[in-house]
Q: 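Before anything else, here's the structure in question.
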Amino acid sequence: MASTSMNDILLPGMPIPGLVAPLPSSGKGTYLDGNYILASTVGRLNKDGSTVTVTSNASSNPVPEPNSVVIGTITRLTPQQATVAITVVDGRPTGEEFQGVVRVQDIRLTERDKLRVVDSFRLGDTVRAVVISLGDARSYYLSTARNDLGVLFANSEAGAPLTPISWQEMTCSLTGKNEKRKVAKPDGI
C-alpha cells in the first residue's frame, strides 16, 4: 500500500498512516479499531497535538460515522433487521440519502431473544438511532438500544398519527388502538 501524505484524501475504513506507539487520541472523523486508528469519513488528515482527525471539505453535507445520531425512515423490514433511509446526521440534513440497518439484536438492551422486528418498527416510521459501525459497502449498522432512541413519529394502521404511551407502545389518535413500537423517549422528559 502506498504511503499517504497530509494532503491525500482518506476514505472510510482506511488506516491513518504514519502512526506509531503510543497512538494519539482518535478525534472527529476517526475511530479506534484494535491497534489502528481508521478514517470514518472521507477527508484529509489533521494532527493537532496528540489528536488526529479527518475533516471533509464538504462540511455542509454531513456523513454518518460511529457515534453519530441519525434520523431516518424505515423502508424495509425482515425478521432479522429494519432498513433505514438516513436523512439527518447529528441534527443536520444530509445532502444525499444514506442507508442503515437496525439488526434485531441492536433494537434494545433487554429481552433480545423475545424481540421481533415487526413489534418494534413499521414501514414509514421515523426513527432516531446511533451509528455503531460503518457496516458494509451498502449500509451503516445502527442501534436503538438507548432510551432516547427508537420511533419518533409513526402513523397507525388507520393512517392517523400515533402518540407514545410507554417505551414499547403508541396509541392511535383516531381509533385509540395501541400498537407496539420501540419508542424513543421524548426530549425533555
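These numbers come from the heavy atoms of this one structure, side chains and all, not from hydrogens, waters or symmetry mates. As the structure is a prediction and not an experimental result, all values here were calculated from the model.
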Q: If you group Ile, Leu, Val, Met, Phe, Trp and Tyr by side-chain heavy-atom gaps below 4.5 Å, do V84 and L115 land in one group?
A: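 In one cluster with V84: L115, yes.
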Q: Side chains of Y140 and V101: does their closest heavy-atom pair fall under 4.5 Å?
A: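 Side chain of Y140 against side chain of V101, heavy atoms only: no contact under 4.5 Å found.
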Q: Can you list everything that forms a side chain to side chain donor-acceptor pair (under 3.5 Å) with T53? Sequence neighbours excluded, please.
A: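 For T53, no residue satisfies side chain to side chain donor-acceptor pair (under 3.5 Å) once neighbours in sequence are set aside.
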Q: Write down the atom of V151, the atom of S120, and the distance for their closest heavy-atom approach.
A: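 Taking every non-hydrogen atom into account, CG2-O, 3.6 Å.
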Q: Flag yes if L152 and V70 sit in one hydrophobic cluster, no otherwise; membership is Ile, Leu, Val, Met, Phe, Trp, Tyr, and two members link when side-chain heavy atoms are under 4.5 Å apart.
A: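 Shared cluster, no.
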Q: Verify side-chain contact (heavy atoms from CB on, under 4.5 Å) between V54 and I16, making sure each step is shown before the conclusion.
A: CA-CA 9 Å; V54 174; I16 305 297; 3.7 Å; yes
Q: Can you check whether F121 reaches T144 side chain to side chain, under 4.5 Å on heavy atoms?
A: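 In short, these two side chains touch, coming nearer than 4.5 Å.
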Q: Would you say the side-chain atoms of T171 pair up with the backbone N or O of T163, donor to acceptor, closer than 3.5 Å?
A: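 Not a single qualifying donor-acceptor pair exists.
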Q: Please round to the nearest 0.5 Å and tell me the distance separating atom CZ of R103 and atom OG1 of T78.
A: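 Nearest 0.5 Å value for the CZ-OG1 distance: 12.0 Å.
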Q: Take atom CG in D119; do more than 12 heavy atoms of anything else shown fall under 6.0 Å from it?
A: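 Yes - once you tally the heavy atoms of other residues, nucleotides and ligands closer than 6.0 Å, there are more than 12.
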Q: Are Y31 and E65 close enough, and set up right, to give a side-chain contact (heavy atoms from CB on, under 4.5 Å), and what steps lead you there?
A: CA-CA 9 Å; Y31 64 100; E65 54 187 58; over 6 Å; no
Q: How about CG on D90, more than 12 heavy atoms from neighbouring residues, nucleotides or ligands closer than 6.0 Å, or not?
A: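 Yes.
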Q: Sequence neighbours left out, what passes side chain to side chain donor-acceptor pair (under 3.5 Å) with R76? Give chain and number order.
A: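 Partners of R76 by the side chain to side chain donor-acceptor pair (under 3.5 Å) criterion come out as none, since no residue qualifies.
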Q: Can you hop from V117 to L162 via hydrophobic side chains spaced under 4.5 Å?
A: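 Result: yes, single cluster for both.
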Q: For atom CZ of F153, decide whether the heavy atoms of other residues, nucleotides or ligands shown that lie under 6.0 angstrom number more than 12.
A: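 No, the 6.0 Å shell around CZ holds no more than 12 heavy atoms from other groups.
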Q: Taking the side chain from K180 and the backbone from V118, do they hold a donor-acceptor pair closer than 3.5 Å?
A: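 Absent.
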Q: Taking V69 as the starting point, is it possible to reach I132 by hopping between hydrophobic residues whose side chains are less than 4.5 Å apart?
A: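 No, it is not one cluster - the side chains of I132 and V69 are not joined through contacts under 4.5 Å.
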Q: Can you tell me how far apart OG1 (T73) and CG (L123) are? Round to the nearest 0.5 Å.
A: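 T73 atom OG1 to L123 atom CG measures 10.5 Å (nearest 0.5 Å).
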Q: Quick check: does any side chain N or O of Q99 sit under 3.5 Å from a backbone N or O of S139, one acting as donor and the other as acceptor?
A: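 Not a single qualifying donor-acceptor pair exists.
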Q: Do N67 and V131 have side chains that get closer than 4.5 Å, going by heavy atoms?
A: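 SC-SC contact between N67 and V131 ruled out.
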Q: Show the nearest heavy-atom pair for residues L109 and A145, with the distance to one decimal.
A: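 Nearest heavy atoms, L109 then A145: CG-O, 3.5 Å.
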Q: With the 4.5 Å side-chain cut-off for hydrophobic clustering, are V89 and I71 part of the same group?
A: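 Hydrophobic grouping puts V89 apart from I71.
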Q: Between atom CD of Q81 and atom CD1 of I107, what is the distance when rounded to the nearest 0.5 Å?
A: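 So the CD of Q81 and the CD1 of I107 are separated by 10.0 Å.
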Q: Between R128 (side chain only) and D148 (backbone N and O only), is there a donor and an acceptor less than 3.5 Å apart?
A: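 At least one qualifying donor-acceptor pair exists.
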Q: Any non-hydrogen side-chain atom of P161 less than 4.5 Å from a side-chain atom of N155?
A: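 Sidechains of N155 and P161: in contact.
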Q: Identify the two heavy atoms, one from L174 and one from A158, that lie closest to each other, and give their separation to 0.1 Å.
A: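 Closest approach of L174 to A158: CD2-CB, 4.3 Å.
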Q: Using a strict cut-off of less than 4.0 Å between a Lys/Arg side-chain nitrogen and an Asp/Glu carboxylate oxygen, indicate whether R122 and D125 qualify as a salt bridge.
A: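 Salt bridge flag = no for D125 with R122.
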Q: Hey, is the main chain of I37 close enough, under 3.5 Å, to the side chain of T30 for a donor-acceptor pair?
A: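 No; judged by distance alone, with no hydrogens or angles, the pair does not exist.
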Q: Which atom names give the shortest non-hydrogen contact between V183 and E169, and what distance separates them?
A: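 Scanning both residues completely, I find the closest heavy atoms to be CG2-O, 3.7 Å.
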Q: Mind checking what makes side chain to side chain donor-acceptor pair (under 3.5 Å) contact with K177, not counting sequence neighbours?
A: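 K177: side chain to side chain donor-acceptor pair (under 3.5 Å) contacts with E157.
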Q: Roughly how far, to the nearest 0.5 Å, is CZ of R181 from CE of M170?
A: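 If I round to the nearest 0.5 Å, the distance is 7.0 Å.
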Q: Verify, without hydrogens or angle tests, whether S143 (side chain) and D106 (backbone) share a donor-acceptor contact under 3.5 angstrom.
A: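 Yes.
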Q: Find out whether L142 and I86 are in side-chain contact, i.e. whether some heavy atom of one side chain is under 4.5 Å from a heavy atom of the other.
A: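 Answer yes - side chains close enough.
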